[in-house]
2 protein chains.
Amino acid sequence: MNYEQSHKLILDNVGRFIDLTELEKRKYISLLTRVKVKKKSFLMQAGETAAYEYFITKGCLKVYTLDDNGAPHISMFAIEDYWTGDMASFITREPTAYFIKATEDSELLGISRANYQLLFQEIPKFERFYRILYQRSLIAYIKRSNHGISLSAEERYIVFKKNYPNLVNRITQKDLAAYIGITPEFMSKIITKVNRM
Amino acid sequence: MNYEQSHKLILDNVGRFIDLTELEKRKYISLLTRVKVKKKSFLMQAGETAAYEYFITKGCLKVYTLDDNGAPHISMFAIEDYWTGDMASFITREPTAYFIKATEDSELLGISRANYQLLFQEIPKFERFYRILYQRSLIAYIKRSNHGISLSAEERYIVFKKNYPNLVNRITQKDLAAYIGITPEFMSKIITKVNRM
DNA sequence: GAAAAAAAATGAACTAGTTTAAGACTTTTA
DNA sequence: TAAAAGTCTTAAACTAGTTCATTTTTTTTC
């Protein structure tokens, strides 16, 4: 994927909520850093401070923590046209607890902490963009945090499959289990059962 | 609680992220509606469209859904100095799935959908206020949605008690169970066990 | 302040999800 | 392209959390 294509993708994404002039578009693009991550390599590791927030132009990554027993808990899969990073660490500068690892060869556009602040000074419209982006993410997370607590594992799997039908085929069952919050063994049973229905 | 006190509370809350002139403060206050809710009565019920977003100046409310079996799942407790409502319904105008019920006599300041939009036109600084408010809420919800999936009920209780030490004594064990995502019977066992430790 | 209603505690029988282990299948790497 | 490493499946024994039923304690209401 070339520069022009990836810039078009991010400008389209931003364009859903705010209108930018040509000059503003060029200014915005100039604040972004292009990043490539090979499959199985890390974009971020626990202990680091998150220096960037990322927009994915190609590929797929998993964002996860390791619990006290060393078991992974995936908090999101990030694919093309999605944003990722650890916002808590990005904002507070405290070390992150997350790993972000590419599950496919991926390409991203990153914005550094300094440029993120600069962006609001130079193009205040971006306060609105992020206000709306965070508002929508919040709605999605409120739903997910309720589902996590009130649905059974089987129901969580059915909801995930319905919401992200394409993603199911791009990730391993093991990773899906770490996202749903169950063991790979039980994930295998659920999939067998649900497909039989 | 009189008008002046409740206005001071909300202006202090807003003042954490943006600075307003006296004129802007008066303008903002003029866009708000004062609401009182008696203990056990509803601020919102499933099926309605959320017409307001609320700031609580006094009291405590629970935000919950009822599942297919009629069992309640509490998604948040809202107390003084917190914001509540159903943002999804407020934004999309779709009917809400939530009930919001006062667990104590409560007082709130509401902003209507029309005034919320007007606010951004009249005082664009509020894009920034909400950008930061939503960003922080998002960080909290990401954490909660991960905890819901990766921690045991006992751990979720310990985390809740640590994060909201005062709230624990203001709500019933039954409501806490509906928040933690377990039965009241198991909640009772966990509390007995944790207090024994 | 007595009666009624709701919340909390306890226990026994049950179910959803875990653990451990082993074999079959797939993907990666040299 | 063979070997190694990782993923998926299956099954038996286990644990966290549920369900149902009963009693005690606390709160609400008139």
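Here is how names work: the chains are called A, B, and so on, in the same order as the sequence lines, proteins then strands, and each is numbered from 1.
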Between [atom2] of [N] and [atom1] of [X], the distance in whole Å:
{"X": "B:Arg156", "N": "D:dG17", "atom1": "CZ", "atom2": "P", "answer": "7 Å"}
{"X": "A:Lys189", "N": "D:dT9", "atom1": "NZ", "atom2": "C1'", "answer": "10 Å"}
{"X": "A:Asn69", "N": "C:dT19", "atom1": "CG", "atom2": "P", "answer": "8 Å"}
{"X": "A:Ile190", "N": "C:dA16", "atom1": "CD1", "atom2": "P", "answer": "11 Å"}
{"X": "B:Ile171", "N": "D:dT26", "atom1": "CD1", "atom2": "P", "answer": "19 Å"}
{"X": "B:Lys101", "N": "C:dA6", "atom1": "NZ", "atom2": "P", "answer": "10 Å"}
{"X": "A:Ile149", "N": "D:dT18", "atom1": "CD1", "atom2": "P", "answer": "12 Å"}
{"X": "A:Glu104", "N": "C:dT27", "atom1": "CD", "atom2": "C1'", "answer": "15 Å"}

Any idea which of [options] is nearest the [X] side chain?
{"X": "B:Lys174", "options": "C:dT18, C:dA8, D:dC20", "result": "C:dA8"}
{"X": "A:Lys40", "options": "C:dA9, C:dT28, D:dC8", "result": "C:dT28"}
{"X": "B:Glu185", "options": "C:dG11, D:dG17, C:dT18", "result": "C:dG11"}

| task | Nearest-nucleotide wise, let me know which of B:Ile182 and A:Asp175 is further upstream toward the 5' end of DNA chain D. | result | A:Asp175

| With a 4.0 Å cut-off on heavy atoms, is A:Thr183 in touch with a base, just the backbone sugar-phosphate, or nothing at all? | base

| query | Does one side chain, of A:Ser188 or A:Glu185, offer a donor that lies under 3.5 Å from an acceptor on the other? | reply |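 Checked: A:Ser188/A:Glu185 side chains show no N/O donor-acceptor pair below 3.5 Å.
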
| Does A:Gln173 have a side-chain nitrogen or oxygen under 4.0 Å from the phosphate oxygens OP1 or OP2 of D:dT9? |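 Answer yes for this pair, as a side-chain N or O of A:Gln173 is under 4.0 Å from OP1 or OP2.
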
| field | Any A:Lys39 side-chain N or O less than 4.0 Å from OP1/OP2 of C:dT28 | value |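 Indeed, a polar side-chain atom of A:Lys39 lies that close.
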
| remark: Of B:Tyr98, B:Tyr64, B:Tyr141, the one forming a side chain to side chain donor-acceptor pair (under 3.5 Å) with A:Asn146 is B:Tyr98

| field | Hydrophobic cluster of B:Ile149, others only, ordered by chain and residue number, side-chain cut-off 4.5 Å | value |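 Traced through the cluster, B:Ile149 reaches no other member.
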
| query | Parallel, tilted or perpendicular: which fits the ring planes of A:Phe129 and A:Phe126, with parallel below 30° and perpendicular above 60°? | reply |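 Ring orientation of A:Phe129 relative to A:Phe126: perpendicular.
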
| Rounded to the nearest 0.5 Å, how far does OG of A:Ser145 lie from CG of A:Leu138? | 9.5 Å

